[in-house]
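No experiment lies behind these values; they were computed from the predicted model shown.
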Amino acid sequence: MIRDLLLSDALAAAALTPDWSADTYAAIARGDFPDRFCLVNASPAGVDALLLASVVLPDAEILNVFVRPDRRRQGIATTLLGTALERVQARGARRVWLEVRESNLAALHIYEAAGFRLAGRRPEYYPVLGSKAEDALVLETTLTMC
């Protein structure tokens, strides 16, 4: 079930990915960052996926998407992304940005299916232990306003 992050989800959200702390997720759940929202997928086992986004009109940015490895390939990321795109469009965003590792083919497929297109590249953006850093692809989509 896709829903907004609750204060009680902060520890579980932080455990999914090291990019953001439990304190940061708690602050987002409390509304301390009015430009940000976090959607989670809550299953009987707990929070197993999340999407963090920011809206600064006229743009929005998908900051993080993470699905627990044992829950991947079940459409959760696609559903989170679709829900987030509806949310940012309802807030008035006209364009959405995100960045993704060049090697993340599964994510690239999801983003392409959602209408995202390559807008740029950040060379050697993501560190890779023991080898050359990996490029980030900057993707964007334009939302249709009705």
Side-chain angles (χ1 to χ4, degrees), residues 1-6 9-10 12-43 47-146:
M1 168 181 75
I2 304 296
R3 62 168 171 75
D4 285 305
L5 176 80
L6 304 174
D9 297 325
L16 287 177
T17 173
D19 297 335
W20 305 88
S21 71
D23 288 341
T24 300
Y25 282 113
I28 291 166
R30 283 192 308 266
D32 295 352
F33 298 102
D35 66 306
R36 293 188 182 175
F37 67 89
C38 184
L39 299 172
V40 299
N41 186 69
S43 69
V47 172
D48 54 22
L50 65 81
L51 182 147
L52 180 61
S54 173
V55 180
V56 179
L57 296 177
D59 292 343
E61 183 176 1
I62 305 298
L63 301 169
N64 201 350
V65 179
F66 188 83
V67 178
R68 206 173 64 207
D70 64 319
R71 297 284 285 150
R72 292 180 183 162
R73 304 188 69 75
Q74 297 177 33
I76 296 169
T78 299
T79 303
L80 280 167
L81 181 62
T83 302
L85 292 176
E86 290 172 4
R87 173 88 49 97
V88 301
Q89 186 171 19
R91 288 189 179 186
R94 297 185 181 274
R95 188 170 49 182
V96 183
W97 299 90
L98 62 84
E99 63 191 33
V100 61
R101 285 180 184 269
E102 184 175 35
S103 66
N104 192 341
L105 299 180
L108 285 166
H109 177 74
I110 291 167
Y111 299 141
E112 182 180 320
F116 283 86
R117 299 292 174 251
L118 183 65
R121 175 182 297 269
R122 293 188 172 130
E124 300 181 22
Y125 185 77
Y126 292 108
V128 177
L129 190 61
S131 66
K132 181 181 172 189
E134 185 174 0
D135 289 359
L137 301 180
V138 178
L139 307 181
E140 64 139 339
T141 190
T142 302
L143 301 174
T144 304
M145 303 309 278
C146 297

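The CD atom of Glu61 lies 12.5 Å from the CD atom of Glu140; values are rounded to the nearest 0.5 Å. Of the inter-residue distances, the one linking Asn104 atom CG with Leu137 atom CG reads 10.0 Å to the nearest 0.5 angstrom. With values rounded to the nearest 0.5 angstrom, Ser43 atom OG is found 6.0 Å from Arg68 atom CZ. A distance of 13.5 Å separates CZ of Arg91 from CG of Leu143, quoted to the nearest 0.5 Å. Here the CZ-OG1 distance, from Arg94 to Thr144, works out to 10.5 Å after rounding to the nearest 0.5 Å.
Within the 4.5 Å cutoff, the side chain of Ile2 has heavy atoms near those of the Asn41 side chain. Taking 4.5 Å as the limit, some side-chain heavy atom of Arg72 sits within range of a side-chain heavy atom of Phe66. Side-chain contact between Val40 and Arg3: present, with at least one pair of heavy atoms (C-beta onward) separated by less than 4.5 Å. The shortest side-chain heavy-atom distance between Leu5 and Leu52 does not fall under the 4.5 Å cut-off. Side-chain contact between Arg117 and Glu112 is present, with heavy atoms from C-beta onward closer than 4.5 Å. Looking at heavy atoms from C-beta onward, Asp4 lies in side-chain contact with Leu39 at the 4.5 angstrom threshold. Using a 4.5 Å heavy-atom cutoff, the side chains of Phe116 and Val96 are in contact. Counting heavy atoms from C-beta outward, Asp59 and Trp97 have side chains that approach closer than 4.5 Å.
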### Task
Step by step, work out the side chain to side chain contact (heavy atoms under 4.5 Å, CB included) result for Leu139 and Leu108.
CA-CA 9 Å; Leu139 307 181; Leu108 285 166; 4.0 Å; yes
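Summarising the geometry of Val100 relative to Ala107, their closest heavy-atom pair is CG2-CB, 3.9 Å, with the distance given to 0.1 Å. In terms of heavy-atom proximity, Ala53 sits nearest to Leu51 at CB-CD2, 4.0 Å. Residues Ala13 and Leu50 share a closest heavy-atom pair of O-CD2, 3.7 Å. Across every non-hydrogen atom of Ala49 and Ile76, the tightest pair is CB-CG2, 3.5 Å. In terms of heavy atoms, Ala10 sits closest to Ala22 at CB-O, 3.5 Å. Ala12 and Val47 make their closest contact through CB-CB, 4.1 Å (heavy atoms, listed as atom of the first residue, atom of the second, distance).
When each of Lys132, Arg122, Arg121 is checked for a salt bridge (charged side-chain N to carboxylate O under 4.0 Å, His left out) with Glu102, only Arg121 meets the rule. For the side-chain contact (heavy atoms from CB on, under 4.5 Å) test with Ser54, the passing option among Leu63, Val88, Ile62 is Leu63; the others fail.
Remark: Arg101 fails to qualify as a cation-pi partner of Tyr125 under the 6.0 Å distance and 45° angle criteria applied to the six-membered ring.
Side-chain atoms of Asp135 come within 3.5 Å of backbone N or O of Glu124 as a donor-acceptor pair. Here the side chain of Glu134 pairs a donor or acceptor atom with the backbone of Ser103 at under 3.5 angstrom.
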Table please: side-chain donor-acceptor pairs of residues 77-85 below 3.5 Å, with sequence neighbours left out.
| unit_1 | atom_1 | unit_2 | atom_2 | d |
| --- | --- | --- | --- | --- |
| Thr79 | OG1 | Gly75 | O | 2.9 |
| Thr83 | OG1 | Thr79 | O | 2.9 |

